[in-house]
Amino acid sequence: MSEVLDESLIKALERQPCPIYLIDINGTILWTNISAQEIAGLDAGRIIGKRISNLSWNSRPETFLKLLKKANRQKTVDFETVLKKDDQCTLNKIHIFRLSDKTKRHTFGVAVLPSDLLSSLSILEKENGIILLVDRKIIFQNTIARKIFNMDINDEFILPTYCSQFESVHISKSAQSKSASYFQKKIMRNTRFRVDWCFKNQHNSIRFVDVQHIPLQKTPLAISLILANDKTESKLDELKFRILFQGSPAATCIIDKNCRILDANPAMINLFGYSRKELVGKIMPDFCYGVDRNIIKQMLLDESSVLNNIEIASSKKDGTPLMLLANASVQKIGTEPFIIMSFIDQTTEKEALISAETARRLYQDLFENIPISILFVDSNGRIMDCNKMITTLSQYKPDELVGQNVHRLFMQDISDQEALTNALKNGRAENIELRFVRKDGDIVYVLLDSLSIEIGTLLALRDITDLHRTLSELEMSTKKYDQLVSQLPIGVAVTDLKENILLANDALARIFGASKEELIGKSFLDFVSPSSKAIIQEQTNSHNDNAVAKYEVQIIRSDGSFRDVEIMSSWLKDESGSVIGTLGTIEDITHQKQLERMKQIQDQEITLYGRLLRHDLRNDLGLLQCYIEAIQMIESDLDPESIQFIESSLNVIERMNNLIRYLERPQPLTTVELGKYISELAEEANKSSTALIVKVNIDPKVKNEKIIAGTLLNLVFHNLFRNAEQHAGPKPVVSIDVRKSGSFAEMIVSDNGPGVPDELREKIFERGTSTKEGGGLGLHLCHEILIERGGSIELLPSEKGMGATFRILIPLVS
């Protein structure tokens with residue numbers, strides 16, 4: 001046998017479940033597999049060598065030999081026969097195929113397909129179209145398959161080309177992307193697949209078929225089964241539904257039993273603004289308010305129920321509200337019931353109705369509550385209707401006015417009545433001032449507006465009595481303020497943004513040496529000296545919105561003379577806050593400037609005088625010192641009292657010389673200990689006077705604190721000591737109590753003199769205040785020196801006859 005066939009082929013044939021016989025050209029059996037032996041009921045030894053036509057085949061030997069010759073030419077032959085086994089006949093399919101052996105002799109194989117497969121296929125005769133393929137040849141097809149595909153036995157099965165016009169709607173996704181040749185190749189390879197197919201058969205009829213290819217055996221014979229389920233009727237119904245669904249102008253969707261949207265047509269997508277993907281899967285009651293789940297479920301139970309014109313609310317994707325009318329009915333797609341719901345957009349109509357109703361209510365409320373009295377009068381001037389506000393104006397109730405002639409409500413003056421008649425005749429009149437007569441006889445001023453309408457004339461009355469009174473008062477007030485501005489002692493000017501003078505008062509005219517009429521319209525800069533124009537420009541540029549600018553300039557009067565003026569200016573703004581000009585006051589300070597220049601000259605003269613005075617004082621003091629020293633040399637035996645007076649005089653001369661030196665070249669400011677500084681001042685005062693006694697009491701807590709001292713601070717205490725010596729009697733005593741007060745050193749300086757007279761206490765520190773003629777400079781200087789140092793001095797109250805007491809504060813060095 002190995003000489004005839006390859007061992008691999010023999011093993012493959014041995015494993016096949018169908019009976020296989022290998023025969024030569026004469027029909028002699030060369031080999032069988034186990035299945036063939038079981039079907040024949042004989043072992044291999046009793047079969048091999050026999051003629052295959054003698055194995056009870058339902059075919060004559062000569063017919064079988066013809067089939068063998070035919071197979072030699074065509075490579076394969078199929079026919080039906082009946083195989084007898086144990087007196088039982090079974091219908092079998094015989095497939096004769098040609099094999100070539102190594103010796104190039106022709107060897108044929110015979111395959112017998114079991115009859116139980118055919119019997120099982122016959123059971124499915126009424127269910128599906130069935131085609132049985134062996135090596136892609138049709139060996140069996142039932143009635144339904146013939147009806148669907150119109151193919152004959154022994155035809156090779158080829159899938160018809162699908163109809164392209166139904167591709168996008170009816171062919172499954174796999175079929176859309178695969179061609180007919182692709183699936184034909186899968187049949188050639190005996191591969192399993194399933195596809196929904198749309199095609200036209202030989203009668204040019206459209207068919208929708210669910211095609212399944214099920215391989216039963218792949219080698220050595222390709223045996224497979226084609227199952228075809230005709231869905232043409234349901235698909236055509238679905239096609240019609242989808243055409244209507246997609247093309248419907250009404251927004252329509254399909255809802256399942258769980259109230260979930262399964263599909264939405266383009267009109268619904270356009271209405272709600274969502275994409276189809278966003279709509280599919282949404283729960284309808286959550287999406288459209290007013291759709292009840294229970295109603296949907298009840299409709300699915302009672303398939304004949306419908307919903308008509310149910311008002312529901314929803315919104316677009318962008319949040320725009322929608323008001324819809326919903327209609328729903330139950331439809332079946334296949335065997336499953338679904339809800340088909342359509343929507344009619346009534347948003348515009350509803351909004352229009354709502355707007356109209358709102359407008360009606362608004363106009364009604366406006367008519368009743370508007371703060372203007374309204375009258376409707378007919379063509380004869382009779383009042384047809386009025387609002388509540390007329391009562392406030394006229395004191396008449398509305399029902400008292402209806403039916404009256406409107407002319408009776410106004411002054412019977414000819415001018416008023418003519419103005420009212422013209423307002424009623426004209427189509428429209430505005431702001432006509434009339435005098436209205438109230439029920440109690442009082443006269444009020446009103447502004448009347450009229451508007452002609454189809455049923456008569458509408459009159460609107462506004463009470464302007466208060467406004468009329470206010471305008472009169474304002475007119476009087478304006479005149480008063482005009483007079484006030486005109487009579488102000490300082491100049492007032494209003495300029496525009498180009499510095500042109502718009503308003504000027506009499507004082508400004510006097511300052512500029514021109515009349516008001518000559519100033520109006522001219523530029524303010526025309527009156528400013530060249531050196532001051534830059535100052536005005538700088539002030540204008542740096543001027544902020546709210547601040548008042550204050551500066552000094554020099555102007556040129558009409559006669560060519562110069563005047564110094566002080567200007568205070570601020571922006572003028574209109575109601576919107578925009579700057580429209582400048583308001584300024586101009587004060588003539590020429591005399592003040594002259595006084596300042598005179599004072600400057602006087603100060604210079606005083607400085608020169610002081611320098612000359614110090615020179616003369618130094619000479620006189622030197623001469624006096626020489627006289628005293630000469631007395632000491634001439635008079636050798638002076639009494640002790642004379643010696644004491646001479647020494648005191650020399651100390652005074654020394655102190656005056658030191659003071660002159662200090663005034664010429666003031667000592668630099670130094671930081672000193674407070675206790676040491678006060679003690680040295682007291683010791684120096686005791687030496688300089690024969691009668692004065694200065695006592696010091698220092699709080700230990702402040703003794704080592706430091707202050708800033710200098711020549712001028714020494715003068716404060718020297719002045720106080722000298723005043724005590726002059727006013728406290730023959731034995732003057734000064735007490736100084738030193739303690740700390742916050743960040744200051746506090747010194748209470750008191751003497752045992754008669755004190756300060758009451759009439760001088762309030763002005764004791766003013767220049768020229770003194771009990772002596774020509775005095776009054778010392779305490780004023782003390783006050784100024786301490787203020788300059790950041791301290792102070794004040795006169796404390798004291799009992800009469802108890803002396804003067806001063807409180808001095810000097811900052812401590814931190």
Side-chain angles (χ1 to χ4, degrees), residues 613-614 617 620-621 624-625 627-628 640-663 677-698 709 711-738 747-761 763-786 793-808 810:
L613 181 62
R614 289 193 296 273
L617 282 174
D620 292 343
L621 289 173
L624 182 60
Q625 185 175 7
Y627 288 157
I628 294 174
E641 186 176 358
S642 297
I643 294 172
Q644 185 177 1
F645 278 116
I646 290 173
E647 290 178 353
S648 297
S649 298
L650 291 173
N651 286 332
V652 170
I653 292 171
E654 179 64 23
R655 187 176 57 140
M656 293 300 295
N657 281 324
N658 289 336
L659 180 60
I660 292 171
R661 286 195 298 272
Y662 291 158
L663 293 175
Y677 175 73
I678 297 299
S679 299
E680 289 178 353
L681 285 176
E683 183 179 353
E684 181 183 350
N686 289 330
K687 288 181 179 180
S688 300
S689 175
T690 57
L692 180 64
I693 299 175
V694 179
K695 299 179 180 179
V696 178
N697 180 26
I698 301 176
T711 304
L712 295 179
L713 187 60
N714 296 348
L715 288 177
V716 173
F717 292 97
H718 289 161
N719 270 298
L720 294 177
F721 296 158
R722 185 170 58 252
N723 286 344
E725 187 175 7
Q726 292 175 357
H727 299 286
K731 295 182 178 181
V733 178
V734 176
S735 299
I736 304 176
D737 293 320
V738 184
M747 284 158 278
I748 306 299
V749 182
S750 59
D751 60 36
N752 60 344
V756 179
D758 292 340
E759 65 272 12
L760 299 180
R761 293 185 68 88
K763 53 183 180 178
I764 189 66
F765 297 109
E766 293 180 7
R767 180 191 293 270
T769 301
S770 176
T771 57
K772 299 184 298 179
E773 185 177 353
L777 187 60
L779 288 179
H780 172 71
L781 288 176
C782 292
H783 180 268
E784 295 300 316
I785 290 170
L786 288 171
I793 181 171
E794 61 177 315
L795 178 64
L796 297 180
S798 60
E799 295 182 7
K800 191 173 182 178
M802 294 301 292
T805 302
F806 295 90
R807 180 174 180 261
I808 297 174
I810 301 175

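Starting from 1, each residue takes its place in the sequence as its number.
- Applying the salt bridge (Lys or Arg N to Asp or Glu O under 4.0 Å) definition to pairs two or more places apart or across chains, those involving residues 686-698 are Glu683-Lys687.
- Taking every heavy atom of both residues into account, Asn752 and Pro732 meet most closely at OD1-CA, 3.7 Å.
- Considering OH of Tyr677 and CD1 of Ile810, their distance stands at 6.5 Å, rounded to 0.5 Å.
- None of Asn719, Val716, Asn723 except one satisfies the side chain to side chain contact (heavy atoms under 4.5 Å, CB included) rule with Leu779; the exception is Asn723.
- Under the salt bridge (charged side-chain N to carboxylate O under 4.0 Å, His left out) criterion, Arg807 pairs with Glu746, Glu794, not counting sequence neighbours.
- Note that CG of Leu692 and CZ of Arg722 are 11.5 Å apart. Values are rounded to the nearest 0.5 Å.
- With rounding to the nearest 0.5 angstrom, the CD1 atom of Ile678 is 12.0 Å from the CG atom of Asn697.
- One finds the NE2 atom of His783 at 11.5 Å from the CD1 atom of Ile808 (value rounded to the nearest 0.5 Å).
- Side-chain atoms of Phe806 and Leu796, non-hydrogen and from C-beta on, never get closer than 4.5 Å to each other.
- Asp751 CG to His727 NE2: the interatomic distance, rounded to the nearest 0.5 Å, is 9.0 Å.
- In this structure, Val694 and Phe717 have side chains that are not in contact, with every pair of non-hydrogen atoms separated by 4.5 Å or more.
- Between the side chain of Asp737 and the backbone N or O of Ile748, no donor-acceptor pair lies under 3.5 Å.
- Using modelled atom types, no side-chain atom of His780 and backbone atom of Glu766 make a donor-acceptor pair closer than 3.5 Å.
- Atoms CG and CG, from Leu795 and Leu760 in turn, are 10.5 Å apart once rounded to the nearest 0.5 Å.
- Contact of the Ile736 side chain with the Phe721 side chain is registered, since non-hydrogen atoms from C-beta on lie closer than 4.5 Å.
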